[in-house]
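See structure below.
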Amino acid sequence: DLEGAGTRAVAVRDLQDVMEAELADRDQVKLLREMELPLVRVLARMEQHGIGVDQGYLEEMGADLGADLAGLETEIYEQAGRTFNIKSSQQFGKVLFGDLGLPVVKKTSRGSPSTDASVLQKLEDAHPIVGLVLRYREVEKLRSTYVNGYLPLIGPDQRIHARFNQTGASTGRLSSDRPNLQNIPVRSELGRTIRRAFVAAEGFRFVVADYSQIELRILAHLSKDPGLLGAFKAGEDIHTETAARVFGLTADTVTADARRRAKAINFGLLYGMEAYGLADRLKIGRAEAREHMDTYFRQFPDVRQYLREVVQEARRVGHTTTLFGRRRYLPELLSGNWRTRQMGERMALNAPVQGSAADVMKMAMIGLDGRLAPDEARMLLQIHDELVFEVREDAVATTVHLVREMMEGVVELDVPLTVDVGIGPDLASVKG
DNA sequence: TTTACAGGCCAC
DNA sequence: AAACGTGGCCTGTAAA
Ligand SMILES: Nc1nc2c(ncn2[C@H]2C[C@H](O)[C@@H](COP(=O)(O)OP(=O)(O)OP(=O)(O)O)O2)c(=O)[nH]1
Ligand SMILES: [Mn+2]
Ligand SMILES: [Mn+2]
């Protein structure tokens, strides 16, 4: 009603002084005026422009996946000796741990026997149904979340206009929804076929730019660790080196998949993973996991100290702070519950690094938006440390140069920031 | 019929 | 799961 609206408007007016004082108190005036407010219009343009989608391709893929699922379903029922709802983890658990008598590996938070992928991998050799369900889950995920998720969101312009939310993540990252275009499959071969559905317009190409090892570089800057600083100044790739060490390879035999796994290990260890978790992921013993952890932190002696100080400071002042002054408040650190406090400590380890990386990317986006000619190159997607542009063919070379310079030079850190750039007519075909 | 949560899984 | 962090979306299930 009108009077309520008036009352609220007056309340907002009265809030202005209070909020501005608070902001100045926190030293966040520049964060607001030079980062978050200018970003609003960049995100609005991305959402309005959208990204082109090949609807016919997606429809065909949906039919193919449906046929695959029907075949898998028959095989699974044969192996089970009966029918059941494969999508129901409860019903599948009864088949697996009841009918077939396989051992329970772990329980879910509410005490049911878990059937998640890590459990099924351990049981894969015990019964043929296990591998079939793993495959069923992969295919069903792609069909339900991606094919069926995208199709109804394609507009009359044959484009998807996802949202990029500025307040979606407590570290300062963006989030995306309706649909989420920050989690387009890339890991599995089948998953990557989804990417072919995202297509540049006739006469245009996608230009994709992704920061190299971004949070490790941020960490090098924040911690001043000599090992990490030296590695980046020498142009080393820590993900590849970790892959070589833990998988017993040499740098030139590290596959893309091995590097991806090593990435999860590198960040896991930094953000509080323990020997138990590492052993589980690498399928090795606890002692061997311990050794890997020791080797890892011995390479980077000052990282441990930095991480300790981050938690201490967070406990003292109640929040963490990023490069550009963004805060994450962590009341969990004062909880009476040990588990909650531990969780708070891991959040404190992660927030300044993930948040600073988000700061850097936001500044680069603002800088680039001001430099791109809208008829030549449009920013379409942000995937945390990656930007996707749609670029007129005759402007590709100049845009690649501009994007690289802006992303690499947006802030001066104690380590170089480097960017990998790829080009392609669709997201599956993007190649460096 | 709608809503909330659990379990699971995609990405960075 | 006690045991890297940040998100969003799917289906099944039970409660409202
Ligand atoms: N805590 C945590 N953070 C992750 C994980 N995967 C990615 N991130 C964060 C840290 C990365 O620096 C950042 C960007 O992800 P990327 O896939 O681009 O990896 P990164 O830039 O490190 O390596 P790159 O050289 O691009 O392959 O997202 C993860 O498994 N755990
Ligand atoms: Mn990256
Ligand atoms: Mn990335």
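Between the CG atom of Leu190(A) and the P atom of dC9(B) there is a distance of 15 Å, rounded to whole Å. Between Phe164(A) atom CZ and dG8(C) atom C1' the separation is 13 Å, expressed in whole Å. Atoms NE2 (His239(A)) and P (dC12(B)) sit 11 Å apart, rounded to a whole Å. At whole-Å resolution of the value, CD in Gln213(A) and P in dC12(B) are 15 Å apart. One interatomic measurement links the two molecules: CG of Leu151(A) to P of dC9(C), which rounds to 16 Å at whole-angstrom precision. In this structure, Asn148(A) atom CG and dC9(C) atom C1' are separated by 12 Å, rounded to whole Å. In this structure, Arg110(A) places its CZ atom 15 Å from P of dA2(C), rounding to the nearest Å. Atom CG in Asp385(A) sits about 15 Å away from atom P in dA11(B), given to the nearest Å.
Proximity of the aromatic rings of His239(A) and Phe267(A) is defined here by a centroid distance below 6.0 angstrom, and this criterion is met.
In this view, Asp210(A) satisfies the salt bridge (Lys or Arg N to Asp or Glu O under 4.0 Å) rule with no residue, not counting sequence neighbours.
Taking only side-chain atoms of Lys141(A), from C-beta outward, the nucleotide of dC9(C), dT11(C), dC12(B) with the closest atom is dC9(C). You'll find that the side chain of Asp177(A) is closest to dG8(C), out of dA11(B), dG8(C), dC9(B). Distances from the side chain of Pro185(A) to the nucleotides dA11(B), dT11(C), dC12(B) place dA11(B) closest.
Between Thr108(A) and dG8(B), a side-chain N or O to OP1/OP2 separation shorter than 4.0 Å is absent. In this model, the phosphate group of dC10(B) is not approached by any side-chain N or O of Thr145(A) to a distance below 4.0 Å at OP1 or OP2. The phosphate of dG8(B) has OP1 or OP2 within less than 4.0 Å of a side-chain N or O from Ser114(A). Remark: Arg137(A) is in phosphate contact with dC9(B), judged by side-chain N or O atoms under 4.0 Å from OP1 or OP2.
Residue Asn85(A) is in sugar-phosphate contact alone, with no base atom involved, counting any heavy-atom pair closer than 4.0 Å across all strands shown. Nucleic acid contact for Gln91(A): sugar-phosphate only, since backbone atoms but no base atoms lie under 4.0 Å from a heavy atom of the residue. Using a 4.0 Å heavy-atom distance criterion, Val353(A) is classed as making no nucleic acid contact.
In terms of position on DNA chain C, the residue among Val105(A) and Pro179(A) whose nearest nucleotide sits closer to the 5' end is Val105(A). Between Lys107(A) and Ser89(A), the residue anchored closer to the 5' end of DNA chain C is Lys107(A), taking for each the nucleotide with the nearest heavy atom.
Between Glu36(A) and Arg326(A) a salt bridge is recorded (basic side-chain N to carboxylate O distance below 4.0 Å). In this structure, Asp237(A) pairs ionically with Arg259(A), as a charged nitrogen and a carboxylate oxygen lie closer than 4.0 Å.
When side chains are defined from C-beta on, Leu174(A) counts as touching Leu43(A), because their heavy atoms get closer than 4.5 Å. Counting heavy atoms from C-beta outward, Leu190(A) and Arg135(A) have side chains that approach closer than 4.5 Å. For the pair Arg245(A) and Thr242(A), the minimum side-chain heavy-atom distance is below 4.5 Å.
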Under 3.5 Å between N/O atoms: give me all the protein pairs with nucleotides 3-7 of chain C, atom names plus distance.
from	atom 1	to	atom 2	distance (Å)
dC4(C)	OP2	Glu274(A)	N	3.0
dC4(C)	O4'	Met273(A)	N	3.4
dC4(C)	O3'	Arg346(A)	NE	3.0
dG5(C)	OP1	Arg346(A)	NE	2.6
dG5(C)	OP1	Arg346(A)	NH2	3.0
dG5(C)	N2	Arg173(A)	NH1	3.4
dG5(C)	N2	Gln354(A)	NE2	3.3
dT6(C)	OP1	Arg328(A)	NH1	2.8
dT6(C)	OP1	Arg328(A)	NH2	3.1
dT6(C)	O4'	Gln354(A)	OE1	3.1
dT6(C)	O4'	Gln354(A)	NE2	3.1
dT6(C)	O2	Arg173(A)	NH1	3.4
dG7(C)	OP1	Ser170(A)	N	2.9
dG7(C)	OP1	Ser170(A)	OG	2.9

Show the distances under 3.5 angstrom between N or O atoms of the protein and N or O atoms of nucleotides 14-16 of chain C.
none

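Between Arg205(A) and the choices Val430(A), Asp426(A), Ile423(A), Thr399(A), the side-chain contact (heavy atoms from CB on, under 4.5 Å) rule is met once, by Ile423(A).
For the P atom pair drawn from dA3(C) and dA6(B), the interatomic distance equals 15 Å after rounding to whole Å.
Between the side chains of Asp420(A) and Ser212(A), no donor-acceptor pair of N or O atoms lies under 3.5 Å.
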Practice problem: Could you check Lys224(A) against Asp302(A) for salt bridge (charged side-chain N to carboxylate O under 4.0 Å, His left out), going step by step and ending with a plain yes or no? | Solution: CA-CA 7 Å; Lys224(A) 315 292 184 202; Asp302(A) 288 3; over 6 Å; no

Quiz prompt | Worked verdict on Phe198(A) versus Tyr150(A) for ring-ring contact (aromatic ring centres under 6.0 Å, His included) | solution = CA-CA 11 Å; Phe198(A) 293 93; Tyr150(A) 291 158; 5.3 Å; yes

